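Notes follow once the structure below has been shown.
Heavy-atom basis, side chains included; hydrogens, waters and symmetry copies ignored. Worth saying up front: this structure is predicted, and the values here are computed from it rather than measured. In what follows, every chain begins at residue 1, and chains take the letters A, B, ... in the order their sequences are listed.
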Amino acid sequence: MLDRRGDRVVAVTVDDDAVELHRIDVAAADLIEWMRGHESREHPRWVWSDTTEWYPALLGRGIRVERAVDLRLCRRILRSAEAAAGSRLAAARRDAWDRAPIASAPDSGTTLFDLSAPAERSDPLDELRLQTEAVAQSAQRGVLALLLAAESVGALTAAEMSHAGLPWSASRHDEILTDLLGARPVAGRPRRMEELVVRLRELLEAPDLDPDSPERLLRALQNAGLPARSTRSWELKEIEHPVIAPLLEYKKMARVLTANGWNWVDTWVHEGRFRPVYVVGGVVTGRWASDGGGALQLPHQVRGAVVADPGWKLVVADAAQLEPRVLAAMSGDAAMARAGRAHDLYEGIVASGAVADRSEAKYGMLGAIYGGTTGVSGRVLPRMRRAFPAAMALVEDAARAGERGERVRTWLGRTSPAGRGEGYDETLTDEARARARTDARSWGRFTRNFVVQGTAAEWAMCWMGALRRRLWQLGEGAPSIAPEPFARRPHLAFFLHDEVVVHAPAELADRVAEEIRSAAADAGRMLFPAAPVEWALTVAIVDSYDRAK
DNA sequence: CGATGTTGCCAC
DNA sequence: AAACGTGGCAACATCG
């Protein structure tokens, strides 16, 4: 357990019950070499306040650690977990440990200890003890411990991916943009967009139309006699008029230009790498969020700019229909597990006879998970309920619990925030009662989705943790070029909820693909040892990201 | 002029 | 297929 105290670091060796065995004091300046020695000899399980605070600088000095507990992340999970509700930790007052992570730019450099204002926190050893005790006393200690381990290894992986970066060809990106929009303008719009604006102005007889302003665009559409109620693309698509096609084309271009155009490359791509900042556990459900660069929204249009280094490949893997499979495993729904024997679970549902075609299966399934009530998903719901009673009961129970104001849990025990249920209050007006009911339903859709999305995030975290270890072993023997731990080794380069991109030396790509499949099986066994669910993957070995699937 | 709210669209 | 879950982000509009 490492604790920074000014220009010194206290290192305490503790046992599994967080009892102190040994303590030394290291000068911050010597810490790197001290840690390097311990890491190479014994792969200790480091314990530190916050991976975002410690790890980027260590990676910058060439230190990759096998294991590390992230106290801040673990506290957040435990504080809200119902399974640890009776603990001293749950009862403790809010303090600095509950605060947001210390922001760290990726590769913020090699300065480990000159952050001017470290957060005031209690002794991390006290915090570790509180957490250890909370887990030990819980009736759910097995799954909680797995959740904390998965979250902590996720934090390591996130920092490593930011460090390694996603290989990005700025010149290829420029070609994509130039093909689509015209050459990069010095000022104003690219040529092809400007041409479209001229056409839009003619077609709408609005000589000073600015299509970038939704308000003015809407007025121009209405002045031209179109029945537009907003400028949303999916609404405009319903209107028959010669201006619609070029307008939709313009909106597509404008989106690419503003979100992932030349300015984006200038800001986010350096030395051939895009280095996003991942926010581990940044979403209530436990999914990751990202901070800056829109890493989790990379449009398919620009993925062609993600190009492996010469002599390297990208191995891209996607967990096929992960959420339905997770639901099948959680609920023990044998019929749904059987449908998942098909590589495509939706085709499996069609084959089961429950629905007529793949699109009905897909929207019925998504409707069940999201709480859809209208359209196709509403229509096939009764048939889904008959065909997959256990799975449907699980999500509908979660929805009703949310409507009553109760909290719900993922498979590993992450607990949803407290919501307000629909309390009956006869003093309310009819209108207020109706609103309360609408709010309760809406919260029920959230809790319905929480259990599945959150458990899928846990599966993905276990998958990635297992894969991280396997990739490191696969790279053993490769001469490492200090201070770059991943310079010669296959490594994770990108993660997107249920999808990973590994950057790998070409001669190892086939073995990487095998490890990805083995890691998925590992994750399935970790979470659902007995479930007869297949964890289907789509794996592609490619030179650029757009060639996958 | 910056802060805040709204709109619309990208990802899963 | 309609507008049902989780997010981030850029641009425009408005406010103080």
Side-chain angles (χ1 to χ4, degrees), chain A residues 189 210-219 228-238 247-248 250-261 263-264 267-268 276-279 281-303 318-324 326-327 355 357-381 395 398-399 402 408 410 414 416-417 438 441-457 459-460 494-500 545 549:
Chain A
R189 296 186 176 91
D210 173 10
D212 295 327
S213 163
E215 270 183 23
R216 280 176 276 174
L217 173 60
L218 181 60
R219 232 174 300 133
R229 287 171 22 256
S230 79
T231 62
R232 292 185 188 97
S233 294
W234 67 266
E235 280 191 8
L236 295 178
K237 266 182 211 134
E238 306 298 308
L247 178 54
L248 293 175
Y250 179 86
K251 285 166 73 76
K252 267 254 178 298
M253 291 181 175
R255 167 73 195 185
V256 174
L257 177 67
T258 56
N260 296 96
N263 290 339
W264 181 89
T267 308
W268 294 104
V277 177
Y278 299 96
V279 185
V283 178
V284 268
T285 57
R287 273 187 176 182
W288 291 8
S290 70
D291 186 6
L296 305 185
Q297 319 148 243
L298 280 185
H300 289 98
Q301 278 164 305
V302 302
R303 292 189 183 186
D318 175 295
Q321 305 96 36
L322 178 58
E323 292 188 353
V326 160
L327 175 56
V355 298
D357 57 37
R358 189 179 187 278
S359 111
E360 277 195 351
K362 178 171 178 179
Y363 295 117
M365 202 59 245
L366 294 179
I369 294 172
Y370 291 156
T373 53
T374 57
V376 169
S377 60
R379 214 157 48 236
V380 301
L381 213 59
V395 287
V408 295
T410 62
R414 190 186 296 269
S416 69
T438 305
R441 291 270 154 74
S442 164
W443 194 255
R445 286 194 298 277
F446 164 66
T447 52
R448 169 197 291 262
N449 186 250
F450 181 93
V451 295
V452 181
Q453 187 184 114
T455 304
W459 185 93
F494 192 56
F495 171 64
L496 196 51
H497 306 312
D498 58 2
E499 180 176 346
V500 294
Y545 195 8
K549 73 177 164 186

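A residue-by-residue look at A/Trp268 and A/Glu235 shows that A/Glu235 has its nearest nucleotide of DNA chain C further toward the 5' end.
Formation of a donor-acceptor pair under 3.5 Å by the A/Ser442 side chain with backbone atoms of A/Thr438 is not found in this model. Between the side chain of A/Ser416 and the backbone N or O of A/Val408, at least one donor-acceptor pair lies under 3.5 Å. A donor-acceptor pair under 3.5 Å links the side-chain atoms of A/Thr447 to the main chain of A/Ala398, judged by distance alone.
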With salt bridge (Lys or Arg N to Asp or Glu O under 4.0 Å) as the test, would you mind laying out the steps for A/Arg255 and A/Asp212 before giving the verdict? CA-CA 10 Å; A/Arg255 167 73 195 185; A/Asp212 295 327; over 6 Å; no

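As a whole-Å value, the separation of A/Glu323 CD from C/dG5 C1' is 8 Å. Here C/dC9 presents its C1' atom at 14 Å from CG of A/Asn263, a figure rounded to the nearest Å. Put simply, CG on A/Leu322 is 14 Å from C1' on C/dT6, counting in whole angstrom units. Distance, A/Leu236 CG to C/dA3 P: 17 Å, rounded to whole Å. Between A/Leu381 atom CG and C/dA2 atom P there is a gap of 16 Å when expressed in whole angstrom units. The CG-C1' distance, from A/Asp210 to C/dC12, rounds to 9 Å in whole Å. If you measure from atom CZ of A/Arg379 to atom P of C/dA2, you get 7 Å, rounded to the nearest angstrom. Look at CG on A/Asp357: it is 12 Å from C1' on C/dA1, rounded to the nearest Å.
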With 3.5 Å as the limit, what N/O pairs link the protein to nucleotides 14-16 of chain C?
none

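When all heavy atoms are compared, the tightest approach of A/Val452 to A/Glu323 is CG1-O, 3.6 Å. The nearest pair of heavy atoms linking A/Ala456 to A/Leu322 is O-CD2, 3.8 Å. Nearest heavy atom pair, residue A/Thr285 against residue A/Gln453, reads OG1-OE1, 2.6 Å.
Among the heavy atoms of the strands lying under 4.0 Å from A/Thr373 is at least one base atom, whether or not backbone atoms are also near. Using a 4.0 Å heavy-atom distance criterion, A/Gly292 is classed as a sugar-phosphate-only contact. If you check every strand for non-hydrogen atoms under 4.0 Å, A/Asn260 touches nothing. Residue contacts shown for A/Gly371 include a base, since a base heavy atom lies under 4.0 Å away. As judged by a 4.0 angstrom heavy-atom cut-off over every strand, A/Gly293 is placed among residues touching the sugar-phosphate backbone only. Residue contacts shown for A/Arg216 are limited to sugar-phosphate atoms, with no base heavy atom under 4.0 Å away. Residue-level contact check: A/Val284 touches the backbone only, with heavy atoms under 4.0 Å from sugar-phosphate atoms and none from bases. When heavy atoms are screened at a 4.0 angstrom cut-off, A/Tyr363 is found touching base atoms of the nucleic acid.
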Would you mind building the protein contact string for nucleotides 5-12 of chain B? One character per nucleotide, 5' to 3', B for base within reach (heavy atoms under 4.0 Å), S for sugar-phosphate only, - for untouched. ---BBBSB

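Take A/Arg358 and apply the side-chain hydrogen bond (donor to acceptor under 3.5 Å, both in side chains) test, not counting sequence neighbours, and it matches A/Asp344.
Side-chain atoms of A/Ala289 lie closest to C/dG7 of the nucleotides C/dC12, C/dG7, C/dG5. Candidate nucleotides C/dG7, C/dA13, C/dA2 were compared by shortest atom distance to the side chain of A/Thr374, and C/dA2 ranks first.
Checking the phosphate oxygens (OP1, OP2) of C/dA13, a side-chain nitrogen or oxygen of A/Ser213 falls inside 4.0 Å.
Relative orientation of the A/His497 and A/Phe495 rings is perpendicular, given thresholds of 30° and 60° on the angle between their planes. Using cut-offs of 30° and 60° for the angle between ring planes, the A/Phe494 and A/Tyr278 rings count as tilted.
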